[in-house]
Structures are given as C-alpha cells and as structure tokens.
Amino acid sequence: MNAQPTTPPRVSIVIPFLNEEGTLRELKERIQSTLDQAKISFELIFIDDGSNDGSLALAQTLSREDARVRVFSFRHNCGKAAALQIGFENTFGEFVFTMDADLQDAPEELPGLLSMLLEGNWDLVSGWKQKRHDPISKT
C-alpha cells in the first residue's frame, strides 16, 4: 500500500468494485488522462469488495505502476456502503468524488464537477446517468 502523499492531491476518487477485472485499467487510464490534461492532482482509492476474479490483482498492479493509486480490500463481500466508508476514511484530497467501476460514470465529467465546487456556492455536486445501461431491475 502506498503511503500518504507528500503534497495532498486536489481530488480523491473513491471507487468500490466487485469483479470488475475487465474495466479497472480503462477506468484508471481515462481518469488519469482527463485529470492530467486538466492539471488536477488526484489519487485513486480502489476498494475491492470481495472479488473472486482477477480484479484485486489488477488493482494492486495499477497501484505498483502509479503511486497515486491505493488499494484496500475485503476478504468477502461487505457491500458498497462499507467499501465507500473505507475509501472516505483513507482519502487525502481536498475534494472527494465517488465513481462506480463499471465505466457507466464518465471520468470526463470530473473537471466540470470540480469547477462547480470551486465556484463556492455548493457543498455538494452530483451527476446522474442520462443514458443508463443497467438492467430494468436496477433502474
């Protein structure tokens, strides 16, 4: 696990996941590209909620490749709320965002959301999925 950064990042992104081996690298790369281009310092907090595929190993690899990525894991599924709590307890950023790991949240929206927070008129900003890809049972 990586230690606390010497300079706190502007943004912490908390990402709980369960069996998302197929999406984690792309998600990390899209976040990195978007925030590096916008010159926004960040950290990624991945929380494995008991995956039984290669997700945890991949997240650990991403952490070894990039000091801005930290990984926490549960031995078994504890639920999204527990995963988010661990993430929130371990952030160093001035602002905290949450994202799902399934690529349905667009990392490209992060600079705009941060811009709204920086206006100073809001304590919280939220996005929503205009075009959902979930099964009807989730919507």
Side-chain angles (χ1 to χ4, degrees):
M1 186 180 322
N2 298 336
Q4 179 174 353
T6 54
T7 303
R10 186 66 178 233
V11 170
S12 295
I13 305 166
V14 176
I15 305 170
F17 66 88
L18 176 65
N19 296 330
E20 294 289 352
E21 181 179 13
T23 61
L24 291 181
R25 183 171 293 279
E26 180 181 348
L27 177 62
K28 188 262 184 193
E29 289 171 355
R30 286 176 58 191
I31 292 169
Q32 179 179 341
S33 174
T34 297
L35 296 183
D36 283 352
Q37 185 175 16
K39 297 183 179 14
I40 299 169
S41 62
F42 70 94
E43 67 176 349
L44 297 180
I45 311 292
F46 283 118
I47 305 95
D48 175 34
D49 193 19
S51 295
N52 57 21
D53 66 355
S55 297
L56 177 57
L58 175 56
Q60 291 168 332
T61 296
L62 296 174
S63 179
R64 285 190 298 274
E65 293 172 356
D66 188 337
R68 298 174 293 186
V69 177
R70 291 186 293 132
V71 179
F72 298 86
S73 65
F74 294 124
R75 290 187 182 135
H76 62 296
N77 183 259
C78 294
K80 189 173 183 178
L84 288 171
Q85 180 178 347
I86 292 298
F88 294 148
E89 290 173 355
N90 288 283
T91 61
F92 296 113
E94 180 180 358
F95 298 96
V96 179
F97 292 91
T98 65
M99 295 187 80
D100 289 341
D102 61 4
L103 298 175
Q104 288 197 51
D105 296 331
E108 296 78 15
E109 299 293 329
L110 291 168
L113 293 168
L114 178 61
S115 178
M116 289 183 71
L117 286 168
L118 293 173
E119 288 176 7
N121 298 324
W122 314 103
D123 294 322
L124 173 100
V125 297
S126 178
W128 71 92
K129 298 174 187 169
Q130 291 181 327
K131 185 175 183 181
R132 297 190 65 104
H133 301 285
D134 295 322
I136 194 71
S137 62
K138 281 192 168 187
T139 60

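The basis for the numbers below is simple: all heavy atoms, side chains too, and nothing from hydrogens, waters or symmetry mates. Positions are given from 1 along the sequence.
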Closest approach of [X] to [Y] (non-hydrogen atoms, all atoms of both residues):
{"X": "V69", "Y": "A59", "value": "CG1-O, 4.4 Å"}
{"X": "G87", "Y": "I45", "value": "CA-CG2, 4.0 Å"}
{"X": "S51", "Y": "S55", "value": "OG-CB, 3.7 Å"}

Quick one: which residue pairs count as a salt bridge (Lys or Arg N to Asp or Glu O under 4.0 Å) with a foot in residues 31-40, not counting sequence neighbours?
->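 Pairs touching residues 31-40 that pass the test: D36-R68.
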
Among residues two or more places apart or on two chains, list those pairs meeting salt bridge (Lys or Arg N to Asp or Glu O under 4.0 Å) that have a residue in residues 108-120.
-> R30-E108

Hey, is the main chain of [Y] close enough, under 3.5 Å, to the side chain of [X] for a donor-acceptor pair?
{"X": "N19", "Y": "D53", "result": "yes"}
{"X": "E26", "Y": "L103", "result": "no"}
{"X": "S41", "Y": "P9", "result": "no"}

Given I13, which of L27, L110, D105, V96 fulfils the side-chain contact (heavy atoms from CB on, under 4.5 Å) condition?
-> L110

Test side-chain contact (heavy atoms from CB on, under 4.5 Å) applied to R25 and E29, E21, K28, the passing residue |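 It is E29; the other options fail the test.
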
Same cluster (ILVMFWY, side-chain, under 4.5 Å), F88 and L18 |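 In one cluster with F88: L18, no.
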
I15 and E20: CA distance, side-chain angles, deciding distance, side-chain contact (heavy atoms from CB on, under 4.5 Å) verdict = CA-CA 11 Å; I15 305 170; E20 294 289 352; over 6 Å; no

When rounded to the nearest 0.5 angstrom, what is the spacing between [atom1] in [X] and [atom2] in [Y]?
{"X": "S115", "Y": "I40", "atom1": "OG", "atom2": "CD1", "answer": "8.5 Å"}
{"X": "F17", "Y": "T23", "atom1": "CZ", "atom2": "OG1", "answer": "9.0 Å"}
{"X": "D66", "Y": "E43", "atom1": "CG", "atom2": "CD", "answer": "11.0 Å"}
{"X": "S12", "Y": "F97", "atom1": "OG", "atom2": "CZ", "answer": "10.0 Å"}
{"X": "Q32", "Y": "L44", "atom1": "CD", "atom2": "CG", "answer": "8.5 Å"}
{"X": "L24", "Y": "L62", "atom1": "CG", "atom2": "CG", "answer": "6.5 Å"}

K80 pairs by side-chain hydrogen bond (donor to acceptor under 3.5 Å, both in side chains) with which of T98, D49, D100?
->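 With K80 as partner, T98, D49, D100 yield a single side-chain hydrogen bond (donor to acceptor under 3.5 Å, both in side chains), made by D100.
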
Has E89 got more than 12 heavy atoms of other residues, nucleotides or ligands less than 6.0 Å from its CD?
->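 Atom CD in E89 is crowded, with more than 12 foreign heavy atoms closer than 6.0 Å.
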
